[in-house]
Amino acid sequence: MGIASQDAVRQFKALMDHVDEASKKTFENIHQGYHCEALVRFLKAREWNVPKAHKMLVDCLNWRIQNEIDIILSKPIIPTDLYRAVRDSQLIGLSGYSKEGLPVFAVGVGLSTFDKASVHYYVQSHIQINEYRDRVVLPSATKKQGRHIGTCLKVLDMTGLKLSALSQIKLLTIISTIDDLNYPEKTETYYIVNAPYIFSACWKVVKPLLQERTRRKVQVLQGCGRDELLKVMDYASLPHFCRREGSGSSRHSTAGPDDCFSLDHTFHQQLYNYIKQQSQCQGPAAPIKQGSFHVDFPDPEPEKTKIAQTIESEMHKLSDRNGLVHSLDSMKINIE
């Protein structure tokens with residue numbers, strides 16, 4: 001870290017000394033004992049502009065307090081069948097660790113349907129995974145490696161991505177905005193695998209809109225990306241959809257102990273049991289009522305809005321193009 005960066009951290013730290021006690025308390029769940037490292041994440045997210053980083057962090061702390069994020073890991077999604085439905089339609093899981101000790105999260109972008117529960121359940125589930133990652137997974141990795149581990153890798157599987165994904169853009173924008181504003185710089189690298197034409201078309205127009213800092217994090221790999229990923233992780237940590245070329249991430253063909261999306265996978269069982277235990281520690285045992293944990297959705301930043309609009313526009317163009325091709329094919333059949 002250069003002298004200018006160190007000076008920015010000192011300025012930021014001095015500003016944070018003046019926040020109220022409630023904010024300091026919730027900040028503990030963010031930094032997990034690594035105070036300066038947390039400040040650096042917010043500084044990076046605001047291009048090392050101290051006043052902007054300070055506002056971003058204060059807004060984040062207020063969001064956490066107002067939405068009781070500190071206790072979200074004591075709010076289980078019940079009954080179990082509902083949570084299983086969420087897991088089956090919001091595909092994410094921990095597949096293992098990189099050779100450097102970073103957690104590897106797999107995300108089934110193309111086959112996530114988000115159609116088994118309300119938006120609030122999906123947002124609740126996403127935040128719970130974020131909080132469990134930051135409060136349990138990363139501290140555990142830090143202890144094991146003997147050095148601070150504050151970021152993860154994400155492998156995004158685009159298998160099954162279709163034009164119908166247009167209906168999910170609003171929810172995905174909400175989730176990514178929550179991440180951008182409240183969990184900045186938590187992902188070291190995004191690996192894109194099994195990318196169909198529709199992704200390539202959208203990526204071509206979205207890439208120029210991203211900040212250079214973000215563009216550097218994204219690597220689009222050939223096919224399932226197995227060979228490239230094996231340079232940074234062992235075979236055992238490969239997500240199941242990267243194990244062999246063309247395997248995809250079909251829920252029906254790959255379901256089993258290695259399917260890190262499944263509620264039956266070790267990661268999700270540990271997370272589920274952790275949340276149940278935390279709920280029991282909150283107070284006297286009492287029946288837990290079904291209902292989602294509502295969280296206020298922050299407004300997306302201008303950049304995020306522009307990206308969402310660009311993706312939507314591009315997908316409409318592709319849809320129109322596909323419709324024209326289908327019409328021409330129909331005309332050809334009728335003529336013949």
Side-chain angles (χ1 to χ4, degrees), residues 26-27 29-32 37-47 52-53 55-70 72-73 86 90-94 102-109 112 114 119-138 149-158 165 168-192 206 209-219 271 292-308 311:
T26 194
F27 187 41
N29 276 328
I30 293 178
H31 66 65
Q32 291 292 314
E37 287 83 354
L39 296 180
V40 167
R41 288 197 295 105
F42 283 84
L43 282 166
K44 284 182 178 178
R46 287 297 177 261
E47 307 297 335
K52 289 183 178 180
K55 181 182 184 306
M56 182 186 188
L57 179 50
V58 169
D59 287 346
C60 168
L61 298 177
N62 289 334
W63 174 81
R64 292 182 67 90
I65 293 168
Q66 291 164 10
N67 291 281
E68 300 184 314
I69 300 301
D70 288 341
I72 198 169
L73 285 177
V86 170
Q90 182 184 35
L91 306 181
I92 184 171
L94 178 68
L102 276 62
V104 178
F105 281 89
V107 185
V109 178
S112 290
F114 300 103
V119 169
H120 290 284
Y121 281 116
Y122 288 116
V123 171
Q124 177 182 349
S125 167
H126 181 79
I127 294 174
Q128 285 179 330
I129 290 176
N130 279 357
E131 291 291 313
Y132 187 74
R133 174 197 65 198
D134 294 351
R135 298 195 224 173
V136 178
V137 176
L138 290 172
I149 303 292
T151 57
C152 65
L153 304 179
K154 287 187 177 177
V155 184
L156 311 183
D157 179 27
M158 297 296 168
Q168 302 168 14
I169 287 179
K170 184 177 180 180
L171 174 57
L172 293 175
T173 300
I174 289 170
I175 287 175
S176 61
T177 299
I178 287 173
D179 283 354
D180 289 347
L181 297 180
N182 302 291
Y183 303 92
E185 299 297 317
K186 296 300 292 189
T187 302
E188 193 79 18
T189 308
Y190 297 90
Y191 296 102
I192 310 293
V206 167
L209 303 178
L210 299 175
Q211 294 180 359
E212 178 60 28
R213 165 176 54 85
T214 303
R215 282 201 300 270
R216 286 198 301 266
K217 291 183 177 185
V218 180
Q219 293 189 29
L271 169 59
S292 59
F293 188 86
H294 285 221
V295 172
D296 292 334
F297 306 147
D299 292 329
E301 296 180 285
E303 179 194 29
K304 185 69 65 176
T305 300
K306 186 175 182 180
I307 289 172
I311 292 173

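Please read all numbers here as calculations on a predicted model, not as lab measurements.
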(request) Quick one: do Arg216 and Glu212 satisfy side chain to side chain contact (heavy atoms under 4.5 Å, CB included)? Show the steps, please. (result) CA-CA 6 Å; Arg216 286 198 301 266; Glu212 178 60 28; 3.2 Å; yes
(request) Quick one: closest heavy-atom pair of Val137 and Pro103, and the distance? (result) CG1-CG, 3.7 Å
(message) By the definition side chain to side chain contact (heavy atoms under 4.5 Å, CB included), identify the one residue from Asp70, Ile69, Ile65 that meets it with Asn67.
(response) Ile69
(message) Checking Gln32 now: which residues fulfil side-chain contact (heavy atoms from CB on, under 4.5 Å) with it, not counting sequence neighbours?
(response) Asn29, Arg135, Pro139
(message) To check you understand the geometry: which heavy-atom pair defines the closest contact between Ile127 and Tyr183, and what is its length?
(response) CG2-OH, 3.4 Å
(request) Report the residues that fulfil side-chain contact (heavy atoms from CB on, under 4.5 Å) with Val86, sequence neighbours left out, ordered by chain and then residue number. (result) Gln90, Ala117, Tyr121, Tyr122, Ser125
(message) Quick one, Thr214 with Tyr190, criterion side chain to side chain contact (heavy atoms under 4.5 Å, CB included). Give me CA distance, side-chain angles, the key distance, then yes/no.
(response) CA-CA 9 Å; Thr214 303; Tyr190 297 90; 5.6 Å; no
(request) Provide the closest heavy-atom pair for Lys186 versus Asp134 in the form atom of the first, atom of the second, distance. (result) CE-OD1, 3.2 Å
(message) Minimum heavy-atom separation for Arg215 and Leu210, please, with both atom names.
(response) NH1-O, 2.5 Å
(message) With side chain to side chain contact (heavy atoms under 4.5 Å, CB included) as the criterion, how do Val136 and Leu271 come out once you've worked through the C-alpha distance, each side chain's angles and the decisive distance to 0.1 Å?
(response) CA-CA 9 Å; Val136 178; Leu271 169 59; over 6 Å; no
(request) Answer whether the closest heavy-atom distance between the side chains of Leu171 and Val123 falls below 4.5 Å. (result) yes
(request) Over all heavy atoms of both residues, which pair between Phe42 and Ala53 is shortest? Give the atoms and the distance, please. (result) O-CB, 3.6 Å
(message) For Glu185, is there any backbone N or O sitting under 3.5 Å from a side-chain donor or acceptor partner on Arg41?
(response) no
(request) Over all heavy atoms of both residues, which pair between Arg64 and Ile30 is shortest? Give the atoms and the distance, please. (result) CD-CD1, 3.7 Å
(message) If you apply the rule side chain to side chain contact (heavy atoms under 4.5 Å, CB included), what do you find for Thr187 with Cys152, and how did you get there?
(response) CA-CA 5 Å; Thr187 302; Cys152 65; 4.0 Å; yes
